[in-house]
Number of protein chains: 2
Amino acid sequence: MVTTKSLIPPRIPCDLCPIGRRPHFRNFTQEELGFVQSFKIGELSVDPGATVISEGERHPQLYTVLTGWGYRYKILEDGRRQILNYVLPGDLVGLQGNLMAEMMHSVEALTRLTLCTFERDKLTTLFRDHPSLAYDLTWIASREESMLDEHLLSIGRRTALERAAYLLAFLDTRAEMTGVFVEGGPNILPLTQQHVADTLGLSLVHTNKTLRKLADMGMVRWLDRGCEVLDQRRLFDLAGWRPTKEGPRPFI
Amino acid sequence: MVTTKSLIPPRIPCDLCPIGRRPHFRNFTQEELGFVQSFKIGELSVDPGATVISEGERHPQLYTVLTGWGYRYKILEDGRRQILNYVLPGDLVGLQGNLMAEMMHSVEALTRLTLCTFERDKLTTLFRDHPSLAYDLTWIASREESMLDEHLLSIGRRTALERAAYLLAFLDTRAEMTGVFVEGGPNILPLTQQHVADTLGLSLVHTNKTLRKLADMGMVRWLDRGCEVLDQRRLFDLAGWRPTKEGPRPFI
DNA sequence: CGGGGCCTTGAGAAGTTTCAAATCGTGTGG
DNA sequence: CCACACGATTTGAAACTTCTCAAGGCCCCG
């Protein structure tokens with residue numbers, strides 16, 4: 001039996017956090033660093049395909065993704081699944097559950113995923129003593145909201161081909177900005193076509209035919225369980241979308 | 001020329017705010033009330049059909065809806081429009097713009113809409129001196145996020161009929177909880193079928209046929225520019241959805 | 001009385017789903 | 001080492017859903 005989920009004590013001290021060292025992310029003050037360090041209670045490691053959070057359960061922890069890819073989703077009673085968004089390094093996972101009693105969505109790992117674990121109860125202290133971090137939390141929630149707005153526009157009003165172009169361009173630029181691609185290697189989005197289908201709200205068969213078109217147009221290449229974006233610019237044009245440039249981005 | 005948008009100085013003092021007096025909303029402490037009062041810079045009144053916020057513009061104000069209905073939307077270059085969510089009394093409007101430089105969506109009034117206006121710059125003070133209100137802001141952002149998750153599931157994975165049932169049941173229960181229906185009168189959702197179409201991601205014609213089915217099944221009645229929900233329970237069952245019960249709900 | 005906004009309906013075209021089946025590569029057990 | 005099962009991708013064809021085009025009715029307002 002393979003370990004799919006394991007919690008270990010903190011190994012990486014926050015002042016050496018790999019996320020803070022990347023471009024596009026903001027830096028903490030010493031004071032903030034001290035608090036975040038005390039806020040952190042461990043590190044969690046999750047195998048590909050394993051579940052980090054389940055809809056309907058209570059979750060006493062919050063997480064920040066350190067490395068790897070995952071996704072948030074909801075399912076209807078009969079099994080129809082909708083992927084809501086993807087989570088990458090620097091993303092906060094599980095905040096919603098703080099406010100609602102139970103989690104309203106599930107989170108699953110796409111690759112091996114490591115997460116920084118925080119104790120939800122200490123959020124009160126965060127809000128009381130660290131207004132700058134509280135502001136960051138709101139910023140983060142607000143950013144997720146804009147991404148969801150964009151997805152909604154896409155699923156609701158774009159054609160299948162435009163949707164696919166949007167999704168792959170969106171993920172590719174997010175991955176770039178986050179620095180989640182493995183150094184040196186080709187830039188691979190670690191998805192199956194089933195994931196794409198469940199994100200776009202299309203059937204697997206039609207998704208396959210749509211991705212084939214994008215591949216025939218030379219914009220992407222499809223691999224065994226992944227996708228390489230070959231021409232970001234043309235995907236942008238096809239989707240009629242452009243990434244918004246962000247200033248230095250907060251994380252916790 | 002009819003006035004479509006007019007800003008007046010505060011008339012309603014916050015301690016008499018009609019929202020705080022409704023069930024389901026939380027109450028402020030005296031201390032919070034004092035700050036919110038100073039945060040408020042005026043009241044805005046908007047005619048049906050007028051624009052409160054435009055995508056792409058900067059907005060130095062934040063708003064809380066006092067009375068009436070509105071909606072948030074985005075449009076593609078060629079005019080395709082997607083309604084993202086509706087705004088009702090107690091909802092905060094324009095928070096996203098604080099963090100992103102420009103607004104990423106527009107907001108339009110469905111009925112006559114009155115809004116409480118706040119100065120964005122004072123948010124810093126809010127976070128610094130009023131942690132409980134800062135927490136509420138995060139709560140509010142997080143609530144919006146769950147609603148968007150639910151919409152995404154709906155548009156992506158429900159059939160046209162299920163989507164329509166979900167939307168009307170969702171709006172009807174929200175309106176009930178918010179107390180936005182006019183006293184005594186029938187409970188009318190002030191929408192045209194075009195709004196429904198742009199929310200569900202369907203064409204107007206198909207939306208009409210779908211709503212007709214719901215009406216023939218006796219679940220709703222369609223009026224000139226509005227919809228009356230006749231059988232909430234059956235809409236829930238058809239959509240496979242149930243509203244989440246919230247405890248006392250914060251607002252600013 | 002005319003115009004405009006909104007709702008309604010029909011019919012053909014286009015897009016999407018479902019069913020069915022074949023290929024390919026990987027990993028496991030015999 | 002081979003046979004086999006399995007997951008992922010691919011393809012074709014028929015059924016179904018949804019869109020577009022077109023037009024008519026209704027009601028309110030100027």
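Within every chain, numbering begins at 1; the chains are lettered A, B, ... in the order of the sequence lines, protein sequences first and strands thereafter. Note that the coordinates shown come from a computational prediction; the quantities given were computed from them, not determined experimentally.
In this view, Arg174(B) and Asn85(B), Asp91(B) satisfy the side chain to side chain donor-acceptor pair (under 3.5 Å) rule, not counting sequence neighbours. With sequence neighbours left out, the ring-ring contact (aromatic ring centres under 6.0 Å, His included) criterion links Phe170(A) to His151(A), Tyr166(A). Taking the salt bridge (charged side-chain N to carboxylate O under 4.0 Å, His left out) definition, one finds that Glu150(B) meets it with Lys74(A), Arg158(B), sequence neighbours left out. When the side chain to side chain donor-acceptor pair (under 3.5 Å) test is applied to Gln61(B), the partners found at least two apart in sequence or on another chain are Tyr63(B).
Using modelled atom types and a 3.5 Å distance limit, the side chains of Arg22(B) and Thr178(B) yield no donor-acceptor pair.
At a threshold of 4.0 Å, the pair Arg112(A)-Asp47(A) counts as salt-bridged, since one of the basic side-chain nitrogens sits closer than that to a carboxylate oxygen.
Within 4.0 Å of Gly49(A), counting heavy atoms only, lies no atom of the nucleic acid at all.
Rounding to whole angstrom units, CD of residue Glu162(A) and C1' of dG15(C) are separated by 13 Å. In this entry the distance linking CG of Leu161(A) with P of dG15(C) reads 11 Å, nearest Å. Here the P atom of nucleotide dA14(C) and the NZ atom of Lys209(A) are 17 Å apart, to the nearest Å.
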Test side chain to side chain donor-acceptor pair (under 3.5 Å) on Thr67(A) and Thr114(A); report intermediate values, then the result. CA-CA 5 Å; Thr67(A) 64; Thr114(A) 59; 2.6 Å; yes
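Panel note: side chain Ser106(A), backbone Glu55(A); a donor-acceptor pair is recorded below 3.5 Å.
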Pairwise N/O distances under 3.5 Å, protein to nucleotides 4-8 of chain C:
from: dC6(C); atom 1: O3'; to: Asp224(B); atom 2: O; distance (Å): 3.1
from: dC7(C); atom 1: OP1; to: Trp222(B); atom 2: NE1; distance (Å): 2.9
from: dC7(C); atom 1: OP1; to: Asp224(B); atom 2: O; distance (Å): 2.9
from: dC7(C); atom 1: OP2; to: Gln193(B); atom 2: N; distance (Å): 3.0
from: dT8(C); atom 1: OP1; to: Arg212(B); atom 2: NH2; distance (Å): 3.1
from: dT8(C); atom 1: OP2; to: Gln193(B); atom 2: NE2; distance (Å): 2.8
from: dT8(C); atom 1: OP2; to: Asn208(B); atom 2: ND2; distance (Å): 2.9

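Taking 4.0 Å as the cutoff to heavy atoms of chain A, we find the contact window on DNA chain D bounded by dA8(D) to dA13(D).
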